[in-house]
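Atoms within each ligand, like the ligands themselves, are counted from 1 in listed order. Numbers here simply count residues along the sequence, with the first being 1.
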Amino acid sequence: MNIDPASFWQDPYPTLAEMRSVAPICYVPELGATLITRRDDIHTCEKNVSVFSSDQPSGLMNVLMGRNMMRKDGEEHRKERFVYYPTISPRKVEQIWAGLFVELTNNILDRFASSGSTDLVPDYAIATSGEALKAITGLVQVKFEDLDAWSQAMIDGVANYTGDPGIEARCVSATEAIDHAIDQRLADIQESADASLLSVMTQAGMPDEMVRANIKLTISGGQNEPRDAIAGTIWALLEHPDQLELVTAGDVSWRQVFEEYCRWIAPIGMSPRRIATEHSYGGVEFEPEDRVFFMFSSANRDESYFDNPNDFDVTRDTTAALTFGAGPHFCAGAAASRSLVGDVALPKIFERLEGLRLNPNGPPVEFRGWAFRGPLSVPVSWGNRS
Ligand code: HEM
């Protein structure tokens with residue numbers, strides 16, 4: 001099926017609905033990839049790692065960011081994840097990170113609470129996500145704005161299929177800046193170990209190259225999704241006052257609101273795979289080296305699981321959603337994100353900023369992206385300011 005890349009970037013959901021209905025596994029020439037769009041097909045194929053492989057030796061992520069655990073299969077992947085995952089497992093999030101998330105969110109709100117208006121994307125979403133990620137990675141000395149810019153530069157670099165030299169140069173300079181930030185922290189961390197990823201991976205004896213690749217993965221994948229979920233969910237609640245009322249009345253939890261927002265507008269819309277061996281599935285013949293995209297954004301609107309899937313409905317059951325993936329690469333940061341966004345960033349802002357509302361005279365809030373998707377800007381006011 002052909003797509004118009006510009007309108008797919010603007011809003012992929014109508015095209016994805018058509019694919020689910022008439023061609024659920026379809027080759028899209030404009031993306032050079034076969035898109036798998038139904039929830040059950042993704043759920044099944046993602047676990048079949050001997051066919052749908054994460055190992056993409058010549059992929060841009062390996063070339064530009066180093067080969068991290070997301071681009072490995074089987075034992076090689078398990079060994080690396082075994083070191084990484086315990087640092088942000090649900091237990092460690094509760095023991096170590098949750099308290100810190102409350103502290104950093106309060107500090108960020110202190111910075112602008114008296115101003116009466118702001119753009120939530122830079123001042124709240126980028127700041128909260130970035131401060132949390134500084135602590136988790138161990139790169140505590142950097143500015144959250146830099147971390148956000150590095151994250152974006154790597155995301156753009158990895159999707160630079162047309163080989164734009166400017167995009168590549170920005171990605172290279174971001175990864176160099178991250179290497180420099182790691183160098184600055186290594187001596188301290190070797191002297192006094194802490195709970196951060198950099199410390200834990202280094203102490204476990206993980207080779208330096210692997211540590212660096214996984215820190216870069218964490219920055220590219222751990223900044224923009226919580227950012228987009230924070231800004232997007234606040235916008236969704238302000239745009240749907242009936243849904244906000246349900247959560248403030250205590251009828252649904254803030255975590256559930258986070259889950260429903262991420263089902264409705266998935267912060268990560270897709271995860272790529274390489275076909276490792278000839279395979280037939282769903283009436284489609286896959287050939288070695290074919291590129292496949294698991295479309296999580298589409299799975300999350302699959303009509304066979306979700307009634308009226310295009311509606312934001314905080315009371316629905318979201319357990320079938322694939323927001324965080326569905327296989328061995330299931331998001332390692334899921335517990336941290338549920339805590340940061342669901343337990344802290346969402347309730348805190350509504351608690352602190354009385355009368356929070358979208359600016360009535362501002363331009364409509366725009367969302368962009370299909371691989372990653374979030375609002376570009378969310379101008380709000382509160383208190384007595386009109
Ligand atoms: C709303 C927030 C987030 C969403 C929606 C999200 C979503 C995802 C998705 C869809 C994947 C790919 C899963 C797959 O291919 O099956 C993934 C992988 C990953 N995510 Fe997240 N993510 C979020 C936040 C984070 C954070 C905060 C971190 C780290 C601090 C993180 C670290 C990772 C890592 C390391 C992987 C690769 C895991 C592996 O290969 O085993 N993510 N995430």
Number of protein N/O/S atoms that sit closer than 2.8 Å to atom 21 (Fe) of ligand 1: 1
Could you see which bit of [X] sits under 4.0 Å from ligand 1, with heavy atoms only: side chain, backbone, both or neither?
X	answer
L133	side chain
T323	both
R273	side chain
F296	side chain

Using a strict 4.0 Å cut-off to heavy atoms of R81, name the atoms of ligand 1 that fall inside it. 38 (C), 39 (C), 41 (O)
Within a distance under 4.0 Å of any heavy atom of L217, pick out the atoms of ligand 1 and give their elements. 35 (C)
What heavy-atom pair brings V142 and L147 nearest, and what distance separates the two atoms? CG2-CD1, 3.8 Å
Nearest neighbour in protein (non-hydrogen) for [atom]:
atom	result
atom 13 (C) of ligand 1	H329 O, 3.3 Å
atom 29 (C) of ligand 1	T218 CG2, 3.7 Å
atom 15 (O) of ligand 1	S271 OG, 2.8 Å

Proximity flag [X] to ligand 1, non-hydrogen atoms under 4.0 Å:
X	value
K72	no
A326	yes
Y84	yes

Salt bridge check, [Y] against [X]: does any charged N sit closer than 4.0 Å to a carboxylate O?
X	Y	answer
E260	R263	yes
D343	R255	yes
D148	K143	no

Parallel under 30°, tilted from 30 to 60°, perpendicular over 60°: which one fits the rings of F296 and F294? tilted
Ring geometry between H329 and H77 (parallel below 30°, tilted from 30 to 60°, perpendicular above 60°): tilted
Is there a salt bridge (Lys or Arg N to Asp or Glu O under 4.0 Å) between R67 and E209 once you walk through the steps? CA-CA 9 Å; R67 190 161 169 254; E209 204 182 57; over 6 Å; no
Between [X] and [Y], do the side chains contain an N or O donor and an N or O acceptor separated by less than 3.5 Å?
X	Y	result
D194	S192	no
Y281	D41	yes
Y27	D290	no

side-chain hydrogen bond (donor to acceptor under 3.5 Å, both in side chains) partner of Y84, chosen from N68, N214, T218: T218
From the options M70, E46, R227, select the one whose nearest heavy atom is closest to atom 12 (C) of ligand 1. M70
Result for ring pair (Phe, Tyr, Trp, His ring centres under 6.0 Å) between F367 and one of W235, Y13, F372 points to W235
